[in-house]
Amino acid sequence: MFIPTLKESPADSEVISHKLMVRAGMIRQLAAGIYSTLPLGLRVLRKVEQIVREEMNRIGGQEVFMPSVQPAELWMESGRWSLYGKELLRIRDRHDREFCYGPTHEEVITDIVRKEIKSYRQLPALFYQIQTKFRDEVRPRFGIMRGREFMMKDAYSFHVSEDSARETYQDMIDAYSNIFRRCGLDFKMVEADTGTIGGHHSHEFVVLADSGEDAIGFCDSCDYASNMEKAAARAPAPPANPEEPAPLKEVSTPNKKTVEEVSRFLGVSPQKILKTIVFETDAGLVAGLVRGDRQVNPIKLKNLIGCEWLHPAEEKAIAEKTQAPRGFVGPVKLPIKIYADPEVPLPRNMVAGANKMDAHYTGVQAGRDFSIEKTGDIRMVEEGEPCPKCDRGRYKIRRGIEVGHIFILGTKYSAPLKAQYLDAQGKENAMVMGCYGVGVGRTAAAAIEQNHDEKGIVWPLPIAPFQAVVIPVNYAVDAVKDASDKTYDTLWSLGVETLLDDRSDRLGVKFNDADLIGIPLQIVIGPKNLESGKIEIKTRKTNQSGLHDFPDVLQKIPEMLKGL
Ligand code: ATP
Ligand code: MG
């Protein structure tokens, strides 16, 4: 077996799973974010896939396999050819026709379904595949955890109604919970934003790990949990003793641009300052307004506006449209639409930029001095804030790795692609869709993030590449070789996937490699122990070992594994 283990981690590796997968000879990099999977790595991915497959089949999923290369026309029909941006790898064939390498398959499955499924009698339908995706990620890193080419299980469901879609969504929640539990992961299901996939209802399955790229907020008391991109703020209460309204007054604030500078200079708390952030969007320039001690959450703002994209505006764009220099932008007489957090209109007599150099207003009051296009929760929440759902809890914020993501899409794809069914009255309706993804490689990597020690990987049994490894102390000694071969053959016959380290290396090398690749049971066979009819069995996880009668113990190993 080809298991090219290494002593050194790759120079660019930042997280432990990346280091260990390379060192354990599971993967090798071909180009940035593009990896080959070697035999040991593939055994793990196949195990994750098999668990996914069983759980998808259990809820009525039908496996399909769709092409990775997809015609541009389909993506133009859905509107994503122009919206998906640089992550979409666009290619041309010899006839100069445009294609992309699929980052996801909503368009392709919808094309199949619109051509083949016509009647409400054929619905609901649930399809899934396990296939490679390509996304030209800005920052591929962490090995196969954020690759450019990676293995995903993607599933798509089609329904006559939102209610039917919600039933499958609930099945999917159960299936995903089973998948990640069976993979031995400590995970949370969190509310999520729908991003470029779209739709209106979505959850992520997140594995808690400090190395995770996502921040998640959850209540320390109830079951509320959300990606920080979406984490809701509790609705603010109006002030108990509102101040007397003061008139709007311009004050000089030379060179005081930040909330902190203005707060110190005028002697007012940051809570009494309005922070005005200008964004460029596909719907033009807009301003997001939050209290001075808060941060705008661009994703919540984007969802409140209902636009496709948004990013902080360049100083030049702001100046052209508003005449206001950076640091002095404020809502009063601002010639662009204002979207405000609910905390903004509550207090009276706020401080805000005066839209001219070195000046602010005091006594600013929403409604009287400026009008708000739309009010809604657009700010980031912070650790310790009250839970938006229950009355007791407070926010905790932790890092995590998104391993699965489920969506109810509504008619986002079925409407433009005209995936319709005839209902019982013979009327045509757009199908309601859902889509559901699991990162296969990322799940394996996340399992390593949660299950390792200083010596290497400690595989959870269900996704371990092998369950046992036989380590002969010296395979050149006949008695040891015979006992090792017998152990190996007997264990396979008992259904235990077993590896035999028949190399002539020093014992220390074999032990180090066994610890590095993380097989749950290590069976050490040496001449001395054999003389007294014993072999040694060590558990990787606990590092505990004991002597057992040979060959009787072999029959007990399947039982031992169950207890791990
Ligand atoms: P992320 O926010 O991490 O970029 P995403 O939200 O774009 O992921 P989805 O479109 O929801 O990802 O894809 C479904 C699943 O595919 C994810 O939950 C994740 O497990 C996996 N996945 C997504 N991007 C990658 C990647 N670059 N490398 C490995 N796995 C990935
Ligand atoms: Mg996602």
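Note that ligands are numbered from 1 as they come in the structure, with each ligand's atoms numbered from 1 the same way.
Of the possible polar contacts, one joining the Q450 side chain to the D186 backbone as a donor-acceptor pair under 3.5 Å is found. With E385 contributing its side chain and E382 its backbone, the two residues share a donor-acceptor pair below 3.5 Å.
Ligand 1 places these atoms under 4.0 Å from at least one heavy atom of I144: 29 (C). Ligand-side atoms of ligand 1 in range of E137: 24 (N), 26 (C), 27 (N), range being under 4.0 angstrom from any heavy atom. The G404 neighbourhood of ligand 1 comprises atoms 18 (O), with distances under 4.0 Å to a heavy atom of that residue.
Applying the side chain to side chain donor-acceptor pair (under 3.5 Å) test to pairs two or more places apart or on separate chains, those with a residue in residues 65-74 are Q70-W75, Q70-H105.
We find that R182 and E55 are joined by a salt bridge, their nearest charged nitrogen and carboxylate oxygen being less than 4.0 Å apart. Between D293 and R291 there is a salt bridge, with a side-chain nitrogen of the basic residue lying less than 4.0 Å from a carboxylate oxygen of the acidic one.
Nearest to atom 23 (C) of ligand 1 by heavy-atom distance, out of K153, R135, E87, is R135. Closest heavy-atom approach to atom 29 (C) of ligand 1 among the candidates M145, R141, E149: M145. Nearest to atom 26 (C) of ligand 1 by heavy atom, out of Y35, F205, F142, F150, is F150. Among D214, V403, I406, the residue whose heavy atom lies nearest to atom 20 (O) of ligand 1 is V403.
Residue E8 qualifies as open at atom CD: its count of foreign heavy atoms under 6.0 Å is 12 or below. The local environment of CD in E314 is sparse, with at most 12 non-hydrogen atoms from other residues, nucleotides or ligands closer than 6.0 Å.
Residue D154 does not touch ligand 1, judged by heavy-atom distances below 4.0 Å. Both the backbone and the side chain of R146 come within contact range of ligand 1, each with a heavy atom under 4.0 Å. Using a 4.0 Å cut-off between heavy atoms, K133 makes no contact with ligand 1 at all. Residue contacts with ligand 1 for R442 involve side-chain atoms from C-beta outward but no N, CA, C or O (heavy atoms, distance under 4.0 Å).
Between G437 and ligand 1, not a single N/O pair is under 3.5 Å apart.
Residues forming a ring-ring contact (aromatic ring centres under 6.0 Å, His included) with F99 (at least two apart in sequence, or on another chain): none.
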Apply ring pair (Phe, Tyr, Trp, His ring centres under 6.0 Å) to the pair F407 and H201, showing each step before the final yes or no.
CA-CA 6 Å; F407 305 74; H201 192 70; over 10 Å; no
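Residue contacts with ligand 1 do not include G441, since none of its heavy atoms lies under 4.0 Å from the ligand.
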